[in-house]
Amino acid sequence: MDVDTRLLRYFVAVAEEGSLTRAAERLFVSQPALTKQIRQLEAGLGVDLFTRSRTGMTLTGPGRALAERVPALLAGWQAALRETRSAASRAARVLRVGFLASAANEATQPIIAEFARRRPGWRAEMRQASWSNPAAGLADSDVDVALVRLPFPGQDALRVTVLFSEPRCVALPEAHPLAAREVIAFRDLWDEPFVAAPPETGPWREHWLAADERDGHPVRIGAVTEQPDDWLSAIANGYGIALAPESAARFYTRPGVVYRPVTAVSPSTVGVAWAPADDTDPVVQDFVRCCREAHIAT
């Protein structure tokens with residue numbers, strides 16, 4: 001049978017955690033969805049991979065045999081995918097750059113211009129990712145390097161250089177009672193419904209909900225969106241409010257939405273990220289240097 005590599009990644013997580021609950025949390029998926037995927041894999045292979053019990057999930061003999069092989073298989077496939085896509089872009093003298101929202105803000109254009117100066121004949125192809133993909137395509141080898149907002153899922157497996165930080169503000173409907181204030185304390189927003197990123201984005205979603213900065217106060221979700229336009233529409237239509245980088249007030253204006261400074265909430269951090277395998281890639285490293293120098297210049 002042909003097996004989706006996603007099923008194998010899910011299998012590895014359950015095997016390593018020994019628990020569907022912990023594996024689901026690690027993968028940022030629901031437990032019922034994970035259970036369904038594991039059963040799909042078992043049905044396709046025609047074997048039981050786990051023994052289920054109240055204490056967790058234990059590998060069977062066939063499960064142990066598969067678990068010994070899968071990590072190397074996945075690593076090999078990811079390397080092959082990265083090298084194939086990278087070779088194609090290099091042949092075309094294109095550097096694929098993933099980014100989210102406003103990328104590196106006003107520094108983005110100077111970065112691209114400096115890269116073009118350093119690498120004549122090369123082109124930085126900017127690829128915008130949705131908020132459901134906060135690694136901006138880097139984790140899936142869809143891009144060679146990415147301008148990202150920290151933290152994001154899979155960050156520890158990548159190289160990340162921090163470029164700058166900026167305060168977070170709050171985006172509100174223009175008619176919201178708190179919009180009349182010049183500055184808003186974050187505590188005054190705790191009971192408000194928030195427009196959130198999809199649950200599978202894990203630490204990215206938690207950061208933009210400031211879930212760790214609420215003293216245990218639960219988060220209310222008013223809407224879930226993946227794109228800036230949908231995010232702005234949800235706020236303008238009164239489905240919720242949202243934390244945003246201060247620069248959003250410059251890059252994402254819309255009638256009916258206002259931005260206000262927020263106190264007692266940590267800043268947003270922008271970085272440039274790449275795969276460890278590209279530590280010695282001269283083109284990727286040239287782009288990283290352009291990012292660092294543009295930040296220093298600003």
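Count residues from 1 along the sequence. Just so it is clear, the model here is predicted, and its values are computed rather than measured.
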Do [X] and [Y] have side-chain heavy atoms sitting under 4.5 Å apart?
{"X": "L178", "Y": "R260", "answer": "no"}
{"X": "I111", "Y": "F287", "answer": "yes"}
{"X": "Q128", "Y": "L100", "answer": "no"}
{"X": "P198", "Y": "R205", "answer": "no"}
{"X": "W274", "Y": "D144", "answer": "no"}
{"X": "E213", "Y": "S266", "answer": "yes"}
{"X": "L172", "Y": "I184", "answer": "yes"}
{"X": "V162", "Y": "L150", "answer": "yes"}

Spell out, yes or no, whether [X] and [Y] are grouped together once hydrophobic residues are joined by side-chain heavy atoms under 4.5 Å, including indirect joins.
{"X": "F251", "Y": "I112", "answer": "no"}
{"X": "W204", "Y": "F99", "answer": "no"}
{"X": "Y239", "Y": "L232", "answer": "no"}
{"X": "Y252", "Y": "M126", "answer": "no"}
{"X": "V270", "Y": "L243", "answer": "no"}

Nearest heavy atoms of [X] and [Y], plus distance in Å:
{"X": "A136", "Y": "A146", "value": "CB-CB, 3.9 Å"}
{"X": "A179", "Y": "P173", "value": "CB-O, 3.9 Å"}
{"X": "L59", "Y": "A67", "value": "CD1-CB, 4.0 Å"}
{"X": "T225", "Y": "A234", "value": "CG2-CB, 4.2 Å"}
{"X": "P245", "Y": "C169", "value": "O-SG, 3.7 Å"}
{"X": "A242", "Y": "I235", "value": "CB-CD1, 3.9 Å"}

#### Entry: From CA spacing to verdict: side chain to side chain donor-acceptor pair (under 3.5 Å), S268, R149
CA-CA 7 Å; S268 170; R149 293 266 174 180; 2.8 Å; yes
Between [X] and [Y], is there a donor-acceptor pair closer than 3.5 Å when you use the side chain of the first and the backbone of the second?
{"X": "Y10", "Y": "T35", "answer": "no"}
{"X": "Q285", "Y": "D278", "answer": "yes"}
{"X": "S19", "Y": "R22", "answer": "yes"}
{"X": "R214", "Y": "L209", "answer": "yes"}

### Message
Counting the benzene-type ring for Trp, do F11 and F50 have ring centres under 6.0 Å apart?
### Response
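Between F11 and F50, the centre distance is under 6.0 Å.
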### Query
Looking at W131 versus W208, is the centre-to-centre ring distance below 6.0 Å?
no
From [X] atom [atom1] to [Y] atom [atom2], the distance as rounded to the nearest 0.5 Å:
{"X": "I38", "Y": "R52", "atom1": "CD1", "atom2": "CZ", "answer": "7.5 Å"}
{"X": "R39", "Y": "L34", "atom1": "CZ", "atom2": "CG", "answer": "11.0 Å"}
{"X": "F115", "Y": "R118", "atom1": "CZ", "atom2": "CZ", "answer": "10.0 Å"}
{"X": "T51", "Y": "M57", "atom1": "OG1", "atom2": "CE", "answer": "9.0 Å"}
{"X": "T5", "Y": "L73", "atom1": "OG1", "atom2": "CG", "answer": "9.0 Å"}
{"X": "E200", "Y": "N133", "atom1": "CD", "atom2": "CG", "answer": "10.0 Å"}

Just wondering, are more than 12 heavy atoms of other shown residues or ligands nearer than 6.0 Å to [atom1] in [X]?
{"X": "F186", "atom1": "CZ", "answer": "yes"}
{"X": "D212", "atom1": "CG", "answer": "no"}
{"X": "E174", "atom1": "CD", "answer": "no"}

### Query
R254 and S233: side chain to side chain donor-acceptor pair (under 3.5 Å), yes or no, with the steps?
CA-CA 9 Å; R254 177 193 167 115; S233 293; 3.1 Å; yes
### Message
Just to verify, which of V97, T161, L147 counts as forming a side-chain contact (heavy atoms from CB on, under 4.5 Å) with C291?
### Response
L147
Salt bridge check: are [X] and [Y] linked by an N-O gap of less than 4.0 Å?
{"X": "E42", "Y": "K36", "result": "no"}
{"X": "E114", "Y": "R292", "result": "no"}
{"X": "D286", "Y": "R119", "result": "yes"}
{"X": "R181", "Y": "D188", "result": "yes"}
{"X": "D279", "Y": "R159", "result": "yes"}

### Pair E166-N105, side chain to side chain donor-acceptor pair (under 3.5 Å): steps then yes or no
CA-CA 10 Å; E166 60 177 317; N105 295 350; 3.0 Å; yes
### Message
Show, in sequence, the C-alpha distance, side-chain angles and deciding distance for V148 and L158, and conclude whether the side chain to side chain contact (heavy atoms under 4.5 Å, CB included) test is met.
### Response
CA-CA 12 Å; V148 292; L158 300 170; over 6 Å; no
### Query
With distance as the sole criterion, is a donor-acceptor pair present between the side chains of S165 and T269 under 3.5 Å?
yes
### Query
Under the side chain to side chain contact (heavy atoms under 4.5 Å, CB included) criterion, do R9 and V12 qualify, and how do the steps go?
CA-CA 5 Å; R9 289 196 298 271; V12 169; 5.8 Å; no
### Message
Working note: F152 + T201, criterion side chain to side chain contact (heavy atoms under 4.5 Å, CB included); need CA distance, chi angles, decisive distance, verdict.
### Response
CA-CA 7 Å; F152 59 89; T201 59; over 6 Å; no
### Task
Could you check V272 against L163 for side chain to side chain contact (heavy atoms under 4.5 Å, CB included), going step by step and ending with a plain yes or no?
CA-CA 7 Å; V272 58; L163 300 178; 4.1 Å; yes
